[in-house]
Number of protein chains: 2
Amino acid sequence: MKSELDIFREFLKKKGMRYTPEREIIIKEIFSIHDHFDVDSLYISMRKKEARVSKASIYRLIPLLIEANLIEEVFFDRGQMYYEHIYGHEHHCHLRCVNCKQILEFNDPRLKEIERDLADKFNYKILRHKLEVMGLCQKCQDEQE
Amino acid sequence: MKSELDIFREFLKKKGMRYTPEREIIIKEIFSIHDHFDVDSLYISMRKKEARVSKASIYRLIPLLIEANLIEEVFFDRGQMYYEHIYGHEHHCHLRCVNCKQILEFNDPRLKEIERDLADKFNYKILRHKLEVMGLCQKCQDEQE
DNA sequence: GGCTTATTGACAATGAATAACAATCTCTGT
DNA sequence: ACAGAGATTGTTATTCATTGTCAATAAGCC
């Protein structure tokens, strides 16, 4: 399987854009985090590692990585967007506790079925879906009593 | 069926909060719009009708309406959040064309099943879900050839 | 190596959303 | 109906994620 960097290199080539060390270290950082991330925490963790890039460069890179299907917006919370990398990972959805903010991942084959039915019914070519389920985890249910 | 205002009145009572004319006209405006809305366009359409409230009051009301299960965040796009009212409306999800931004609504009973299974599997009390399906509508598919 | 031009970092700017605060209004108890 | 407590309002200032600007730099092609 091609590496994320190779995928992105090809993507840049096709668009007449350049492969720079800044883009490389940001991508390496993103793909070393196996969790959701936001721009600010990414920036901070890179600074700690002496991997210095400006925050602007991160903001500029993100739409490109999305277009290249390497990362995806996951959800927007408390004024900022969270992302996760999707290349090389099985697609999954998120179950979130609205109280303690715990996030669980799950997948369900019925979503593929729903996609197929929507494609038929509305003549759409389905590209992807995003399902967020909000609820209360066991612990937070208990505490509310 | 109770009106949105009655529901909200009870909600405020239970929380020891007050029912004000500002809150009333904002709610009336929201429930007269049968579509997605954002704070800014709501504010503008209210100004046109001489229904003057400050934008701050709208921002302050929205989390309360969400808590009262009258409205819901639908999606975040171009830096702002979009909402729709849900009380008195059957729950539905959104199918969006990524190219022309058309939005279709649909519902699928399998989502309820998925919710039930998640509740069992993870001991969650499910409150709601949000499914966005992204794709290309027929027209945009044709144009891409 | 040299040239073109995309990209970078630093800084300023934008804009949605939130906070502060004094003036006002709701609601409860009398 | 009245008064007092305290919630809510509009105004204004502030926050903070994200985007724009621009001169300096560097990638990629010859």
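Each chain gets a letter, A, B and so on, in the order its sequence line appears, and its residues count up from 1.
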Original post:
For the pair made of CD in B:Glu22 and P in C:dC25, what is the distance, rounded to whole Å?
Top reply: 9 Å
Original post:
What about A:Phe31 and A:His85, are their ring centers closer than 6.0 Å?
Top reply: yes
Kindly give the atom pairs (protein nitrogen or oxygen, nucleotide nitrogen or oxygen) under 3.5 Å for nucleotides 27-30 of chain C.
unit_1 : atom_1 : unit_2  : atom_2 : d
C:dC27 : OP1    : B:Tyr19 : N      : 3.1

**OP:** Give the rounded distance in Å between these two atoms: CD1 of A:Ile26 and C1' of C:dT7.
**Re:** 11 Å
Original post:
Within this structure, what is the CZ-to-P distance between A:Arg23 and D:dA26, rounded to whole angstrom?
Top reply: 15 Å
**OP:** Can you establish whether the number of heavy atoms outside B:Lys48 located under 6.0 Å from its atom NZ is more than 12?
**Re:** no
Original post:
What about B:Tyr83 and A:Phe75, same hydrophobic cluster or not, with Ile/Leu/Val/Met/Phe/Trp/Tyr joined at side-chain heavy-atom distances under 4.5 Å?
Top reply: no
Original post:
Tell me, which of residues 54-87 of chain A have any heavy atom that sits under 4.0 Å from an atom in DNA chain C?
Top reply: A:Ser54, A:Ser57, A:Arg60
Original post:
Tell me: OH of B:Tyr43 to P of C:dT18, nearest whole Å?
Top reply: 17 Å
Original post:
For A:Asp40 and D:dT15, what is the distance between atoms CG and P respectively, to the nearest whole Å?
Top reply: 16 Å
Original post:
Using the benzene-type ring in the case of Trp, are the ring centres of B:His89 and B:His91 under 6.0 Å apart?
Top reply: no
Original post:
Is the shortest distance from a Lys or Arg side-chain nitrogen in A:Asp117 or B:Arg110 to a carboxylate oxygen in the other one below 4.0 Å?
Top reply: yes
Subject >> Pairwise 5' ranking along DNA chain D for B:Gly16 and B:Arg52, keeping only the more 5' one >> reply: B:Gly16
Original post:
Does A:Lys55 pair with A:Asp40 as a salt bridge, N-O distance under 4.0 Å?
Top reply: yes
**OP:** For A:Lys15, enumerate each residue passing the salt bridge (charged side-chain N to carboxylate O under 4.0 Å, His left out) test, keeping only those at least two apart in sequence or located in another chain.
**Re:** A:Glu67
Original post:
Just how far, in rounded Å, is P of C:dT5 from NZ of A:Lys15?
Top reply: 19 Å
Original post:
Would you find a donor on one side and an acceptor on the other, under 3.5 Å apart, between the side chain of A:Arg96 and the backbone of A:Leu136?
Top reply: no
Original post:
Under 4.0 Å between a Lys/Arg side-chain N and an Asp/Glu carboxylate O for A:Lys49 and A:Glu29?
Top reply: yes
Original post:
Atom CD of B:Glu24 to atom C1' of C:dC25: distance rounded to whole Å?
Top reply: 15 Å
